[in-house]
Amino acid sequence: MRLILGSASPRRRELLAQLGVIPDAILPPDIDEEPRRGELPRPYCARIASEKAAAVQAGPEDIVLCADTTVALGRRIMGKPADAGEAAAFLLALGGRRHQVITAVAVRRGERLWTREVVSAVKMKRLSDAELNAYLDSNEWQGKAGGYGIQGLASAFIPWISGSFTGIVGLPLAETAAMLATAGCPLYRRDQ
Ligand SMILES: Cc1cn([C@H]2C[C@H](O)[C@@H](COP(=O)(O)OP(=O)(O)OP(=O)(O)O)O2)c(=O)[nH]c1=O
């Protein structure tokens with residue numbers, strides 16, 4: 001039995017290490033993450049996480065762990081910004097309001113699939129022009145849903161959350177630990 005992390009996200013690898021879990025392999029899936037017409041954020045996020053888990057090549061006894069994090073402003077899905085312009089548009093829309101961050105986790109072992117969605121709420125302050133430009137210049141927005149990283153410089157803009165901090169970053173650790181245990185992945189392995 002191998003544990004395969006199906007993710008290219010360095011945050012997910014770091015979060016998994018926080019559980020004391022080092023994957024036996026890291027195999028990022030390559031799927032089309034384009035939302036379907038009219039697709040709502042939570043079903044979209046759940047679908048993408050499941051499709052990622054299905055796309056990873058694994059043996060029948062291997063455990064595959066995948067996740068997808070989506071920032072949702074009402075029905076609007078905000079994925080990873082394509083460029084600084086889109087990141088600016090996201091941050092201007094999110095400023096001064098509350099939004100949701102949904103992380104869907106999918107764990108697959110052979111034909112068995114376990115999925116969970118963890119939904120958190122985030123309040124972001126309205127950014128001044130100087131704050132916005134400095135944040136864009138930091139390039140922290142790259143590769144981050146919604147164009148921000150709560151675990152980084154964007155923490156200065158987030159006075160309030162409700163839900164799972166690790167879920168907002170990209171891997172809700174309490175739920176992930178329970179799912180891995182259910183799938184038979186020994187946590188807290190002393191031999192590491
Ligand atoms: C909201 C938020 C997202 N993120 C990151 C987590 C994810 O890496 C990324 C969301 O994009 P995802 O598509 O969920 O993940 P990914 O493309 O980075 O990696 P993979 O699909 O291979 O697993 O945004 C943060 O790091 N901090 C945050 O506060």
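First listed ligand is number 1; within each ligand, the first listed atom is number 1.
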Which residue and non-hydrogen atom of the protein lie closest to atom 15 (O) of ligand 1, and at what distance in Å?
Arg12 NH1, 2.9 Å
How far is atom 9 (C) of ligand 1 from the closest protein heavy atom, and which atom is that?
Gly143 O, 3.4 Å
Evaluate side-chain contact (heavy atoms from CB on, under 4.5 Å) for Glu33 paired with Tyr44, printing each intermediate quantity in order.
CA-CA 9 Å; Glu33 300 194 25; Tyr44 161 77; 3.8 Å; yes
How close does the nearest protein non-hydrogen atom get to atom 18 (O) of ligand 1, and which residue and atom is it?
Ser9 CB, 3.7 Å
Heavy-atom closest pair (Thr103 atom, Gly167 atom, distance to 0.1 Å) is OG1-O, 2.6 Å
Within the 3.5 Å criterion, strictly below it, is a donor on Arg12 or Thr69 matched to an acceptor on the partner's side chain?
yes
Regarding ligand 1, does Lys144 bring an N or O atom to under 3.5 Å of one of the ligand's N or O atoms?
no
Atoms of ligand 1 close to Gly149 [distance to a heavy atom under 4.0 angstrom, numbered from 1]
27 (N), 28 (C), 29 (O)
For a quick test of your reading: what N or O donor-acceptor pairs under 3.5 Å do the side chains of residues 77-93 make, sequence neighbours left out?
unit_1	atom_1	unit_2	atom_2	d
Asp83	OD1	Gly85	N	3.1
Asp83	OD1	Glu86	N	2.7
Glu86	OE1	Ala82	N	2.6

Kindly check if the number of other-residue, nucleotide or ligand heavy atoms within 6.0 Å of CG (Asp137) is above 12?
yes
Options Arg11, Gln151, Lys80, ranked by nearest heavy atom to atom 13 (O) of ligand 1, top entry:
Lys80
Does CG belonging to Asp30 count more than 12 external heavy atoms closer than 6.0 Å?
no
Among Trp141, Tyr148, Phe165, the residue with a heavy atom nearest to atom 28 (C) of ligand 1 is Tyr148
The protein heavy atom nearest to atom 29 (O) of ligand 1 is Ile150 N, 2.8 Å
Within 45 degrees of the ring normal and closer than 6.0 Å to the centroid, is that where the cationic atom of Arg98 sits relative to Trp160?
yes
Considering only heavy atoms of Thr69, which atoms of ligand 1 have at least one such atom less than 4.0 Å away?
10 (C), 14 (O)
Residues that Ser164 engages under side-chain hydrogen bond (donor to acceptor under 3.5 Å, both in side chains), provided they are two or more places apart:
Thr166
Identify, for atom 6 (C) of ligand 1, the protein heavy atom at the shortest distance, and state residue, atom and that distance.
Val169 O, 3.0 Å
Which residue owns the protein heavy atom closest to atom 24 (O) of ligand 1, what's the atom, and how far is it?
Ala145 N, 3.0 Å
Considering non-hydrogen atoms of the protein only, which is the closest contact for atom 2 (C) of ligand 1, and what is the distance?
Ile168 O, 3.2 Å
For ligand 1, which atoms, with element, lie under 4.0 Å from some heavy atom of Ser7?
19 (O), 20 (P), 22 (O), 23 (O)
For atom 22 (O) of ligand 1, closest protein heavy-atom neighbour:
Ala8 N, 2.7 Å
Hey, does Pro28 sit under 4.0 Å from ligand 1 if you only count heavy atoms?
no
Check this for me: Arg116, atom CZ, are more than 12 non-hydrogen atoms of other residues, nucleotides or ligands nearer than 6.0 Å?
no
Would you check if there is a donor-acceptor pair between the side chains of Tyr135 and Glu140 at a distance under 3.5 Å?
yes
